[in-house]
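Working notes, structure below.
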Amino acid sequence: MDKLLIIDGNSIAYRAFYALPLLSNSSGLHTNAVYGFTTMLMKLIEEEKPTHFLVAFDAGKITFRHAHFAEYKGGRSKTPPELSEQFPLIRELIEAFGIRQFELDGYEADDIIGTLTKEADQLGRQIVVVSGDKDMLQLASDHVTIALTRKGVSEVDRYNPGEVNERYGLTPLQIIDLKGLMGDTSDNIPGIPGVGEKTALKLLHEYGTVEEVLAHADQIKGKLGEKVTEHAESAKLSKELATIFREVPMGTEWNEFAYEGWKSTKLKELFRKLEFKSLLDKTDFSTGQSEAEELEPVYEEPAVPVRILHTEDELAQLIDVLADVTGVYVEVIGDNPHQAEVIGAAFHTAACGFYVPLAALRGTSERAQAVRAYLGDASTKKVVYDLHRIDIALRWSNVALRGVTFDVLLAAYLLDPTESGLTLSSLAAKHGVGVLAADEEIYGKGTKFRLPEETVLAAHICRKAEVTARLAEPLAEHLKNSGMEPLFYELELPLSGVLADMEQQGIAADAKTLKRLGESLSARLEELMNRIYALAGVEFNINSPKQLGEVLFEKLGMPPVKKTKTGYSTDAEVLEKLAPYNPVVEQILNYRQLAKLNSTYIEGLLKEIRPETGKVHTYYKQTIAATGRLSSQYPNLQNIPIRMEEGRQIRKAFVPSEPGWHILAADYSQIELRVLAHISKDKNLIEAFLHDLDIHTKTAMDVFGVGQDQVDANMRRQAKAVNFGIVYGISDYGLSQNLNITRKEAAAFIEQYFAVFQGVHQFMEDIVKEARQDGYVSTLLGRRRYLPDITASNFNLRSFAERTAMNTPIQGTAADIIKLAMVNMAERLRQEKLQSRMLLQVHDELVFEVPEHEVALMKQLVPEVMEQAIKLDVPLRADVSEGLDWYDAK
DNA sequence: GAGCTCACG
DNA sequence: ACGTACGTGAGCTCA
């Protein structure tokens, strides 16, 4: 039996848009409506199994309804741009799904659907209509099922005449009368003022139709009767407007809507473009796929022949043309480059691609050595993808890499540091240098990961080298046009090597110290757990926010302070508010703290210590943070506890790797506020730093209008919070949350602050304006961050972008400065042939291990290099300290 | 794999 | 009215 599924395209697009949060892909394209549409289509195809399928759209600006009634749909607010931009994508999506779309000038989707369902009734065919619009119920019949979206777009309620009657006590045709009486504000259909659904239903249950209601207006008592008489014309017109027109000259045949399944290639391509990663993984694209399409390759082979070089003889081919190599790709498998496996390297020339497996690369023959010499030669220029990562991996394989003059990934990151998936494959697509298969397609993912046979592997890796080579020019050009050449060539590229040195060196972590701390923690955790069970009167998993919420808010009846998307919030802020209700709360806070220490910093860290060396080797990601900061992984050494004494003990485990050496740490004092003073040129702030005042005390003096000796601890605390707020992109709401004060009080603080620091106020206004004008903000060294949401109509999105506009130049410039200091520091250590080693960077702090005899020198040198990294309108200050371990160096 | 929580600057 | 402080990574639970 045939079944035609018709979707009310506009209605569902709106539904999806408002039901889902405003998602966007990495290039800032909004995708929530497309996503909702996609999931709905997939669900419908699977559940309804339609033989025929159609999406109907409204067309043209003037429908015949406007001819009758100028105000029709006048009340509808303009389609938000975030949705408008998604319509072409929705069209593309439907096309990829192989579904017919239909529209006709001057008609709405309703009318098209009305006409088709009328035919269905006459011919006895089955139709399911999917819409978010209740008006559609007038079309319900034995043959026509109306499926209305319920919550969001994921679920629908299905109506045949029986269900319409059950819900409203009306026939489908009476739905028109219902709307005639009650009107519809969203379509600007007036109806009878004051008559809502309840009254309208009462009238219809009594009289049946609008006409009958009007005819008996004199029998209707009181105000209602008057209204009905007064607005009789409006009711008639409204009914007319609510009536779906069912005589559209379609000029189509039933069979034109036959559904034969989706077009896998197109669909996959589109999902990839939209970054629907979960759908890409979950979807079985084979369904409904035509043979010809399946065979179409989704990626390109290398444009040049591929040679695999195993033997010494074979390597000779490459050695002759090393000077012609334009791109090198090193395949490294594994997330952590310190433990990753180097599979091999590909060398691209205009004539040929050469693949050298690791074994051949590491060979002892003269020719293998010549290839390694090429890689390690600082004077032969090389273009690669992800220098930092392959550098680390190659070092562990005893292969040196020098002379890299361009890194495609690093360049792409600088060009748009918020772009999340900067894979070589996506970069190739973005810059139009050819199609490269994603690694997942060649290797599979998760447990299915497998290296393919060598010819396939070699082709893929050679293709990567080819694409890498082709990307260098356009990316270099973009860097130049954006004024980021110095940032790239003089800072980020050299930094990459400095980081690799630090990471390879690693920092010694004393397992014994950690274990000792762990034992004490475990004992206390056990005790706390029992105490919590006793106080709560029930045993449960304290680590489960869900179970904890049930105990606190249901069993013990405490008031929920805050909700999360999925239930009660139980974070520390909430627990602190709940502490007075029951002593168990304090114990839970305590438990949380110790559990975190134990699992993340004791057990987690122990797992990362290399047994052979007793060191941990973090990996700094250079291309992740939107502000230009580094991030640290495997393990993260940028969030080792310090604020609480108990956690701070962890730092005792970080020790020098040589006997008798010391740990030396130097951190910038108030670097972000100093940067702010410089870029805002605020006189007061500059003055404060020229005199090296305690900036929070100074802020308290100015904001509270008191003398230095009148500033108490609480005033200083509040001033400090204001300073943080300034750096983060201040808002009264955020400050009020942080200080636990009212929004009004917070606003007063901010106003007072801006009155005293007028230059800062001016800067905040200017930077937002600049972002709006240019579409991006910059740091002192020209690092950019694009802020597409700065013009969003959505308040939240726009506000977020505005705060980011204020914060990024500050945080980002601070990041620039410490990066400069690191490059300079590495250079000085080399020049002066010092044994001291730079080990860690923690955003505003550098950590070294230093032989005893260099301690005095380094205590001079390190702050000096840090302070001289760049010349600002205010002095930079770095404090240095040293001791036997990282805890001691405070 | 997403959501929550929490460690750092 | 809207309702978040900026930037990260990791461990745990639960679907």
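Chain A is the first sequence line, chain B the second, and so forth, proteins listed ahead of strands; every chain is numbered from 1.
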task: Could you measure between the two P atoms, the one in B:dA7 and the one in C:dC2, and give it in whole Å?
output: 32 Å
task: Check whether any side-chain nitrogen or oxygen of A:T564 sits under 4.0 Å from OP1 or OP2 of B:dC4, and answer yes or no.
output: yes
message: C:dA10, OP1 or OP2 - any side-chain N/O from A:K607 closer than 4.0 Å?
response: no
query: Is the number of heavy atoms from other residues, nucleotides or ligands under 6.0 Å of A:E586 CD greater than 12?
result: no
Donor-acceptor pair present, A:K546 side chain and C:dC14 base, under 3.5 Å: no
- request: Using the C1' atom as the reference point in each nucleotide, state the distance between C:dA1 and B:dC6 in Å, no decimals.
  value: 32 Å
message: Mind checking if A:A572 touches a base, just sugar-phosphate, or nothing, with heavy atoms under 4.0 Å?
response: sugar-phosphate
field: Check against salt bridge (Lys or Arg N to Asp or Glu O under 4.0 Å), A:E576 and A:R592
entry: CA-CA 12 Å; A:E576 268 153 32; A:R592 278 253 177 95; over 6 Å; no
- prompt: Distance between the P atoms of C:dA5 and B:dC4, in whole angstroms?
  reply: 13 Å
message: For a quick check of understanding: with a heavy-atom distance under 4.0 Å over all strands, which category does A:S632 fall into, base, sugar-phosphate or nothing?
response: sugar-phosphate
- prompt: Does the A:R785 side chain pair with the main chain of A:V777, one donor and one acceptor, at a distance under 3.5 Å?
  reply: no
query: To the nearest Å, how far apart are A:Q841 CD and C:dT8 C1'?
result: 12 Å
query: Is A:G604 touching bases, backbone alone, or none of the nucleic acid, heavy atoms closer than 4.0 Å?
result: sugar-phosphate
query: Does A:T566 make a side-chain N or O approach to OP1 or OP2 of B:dA2 shorter than 4.0 Å?
result: no
task: Answer yes or no: side-chain N or O of A:S731 and base N or O of C:dT4 forming a donor-acceptor pair under 3.5 Å.
output: yes
query: Does A:Q547 have a side-chain nitrogen or oxygen under 4.0 Å from the phosphate oxygens OP1 or OP2 of C:dC14?
result: yes
Polar side-chain contact A:Q811-C:dC6 base: donor and acceptor under 3.5 Å: yes
query: Heavy atoms under 4.0 Å, any strand shown: does A:R798 hit a base, just sugar-phosphate, or nothing?
result: nothing
query: When only distance counts, do a donor and an acceptor, one from the side chain of A:R785 and one from the base of C:dG7, lie under 3.5 Å apart?
result: no
Phosphate OP1/OP2 of B:dC6 contacted by A:R592 side-chain N/O (<4.0 Å): yes
message: Can you tell me the base-pairing partner of C:dT8? Count Watson-Crick or G-U wobble geometry only, both distances below 3.5 Å, and say none if there is no partner.
response: B:dA7
- request: For A:D510 and A:T513, run side-chain hydrogen bond (donor to acceptor under 3.5 Å, both in side chains): C-alpha distance rounded to whole Å, both residues' side-chain angles, the deciding distance at 0.1 Å, then the answer.
  value: CA-CA 6 Å; A:D510 182 24; A:T513 304; 2.4 Å; yes
query: Going by ring centres under 5.5 Å and near-parallel planes (under 30°), is A:F795 stacked on C:dA1?
result: no
Partner nucleotide of B:dA2 by Watson-Crick or wobble geometry (both distances under 3.5 Å): C:dT13
Atom-to-atom span, CD of A:E573 to P of C:dT4 - whole angstrom: 12 Å
query: So what does A:I642 hit on the nucleic acid, given a heavy-atom distance under 4.0 Å: a base, only sugar-phosphate, or nothing?
result: sugar-phosphate
query: Within the structure, does a side-chain N or O atom of A:R803 lie under 4.0 Å from either OP1 or OP2 of C:dT4?
result: no
- request: Looking at every strand, decide which applies to A:N636 at a 4.0 Å heavy-atom threshold: base, sugar-phosphate, or nothing.
  value: sugar-phosphate
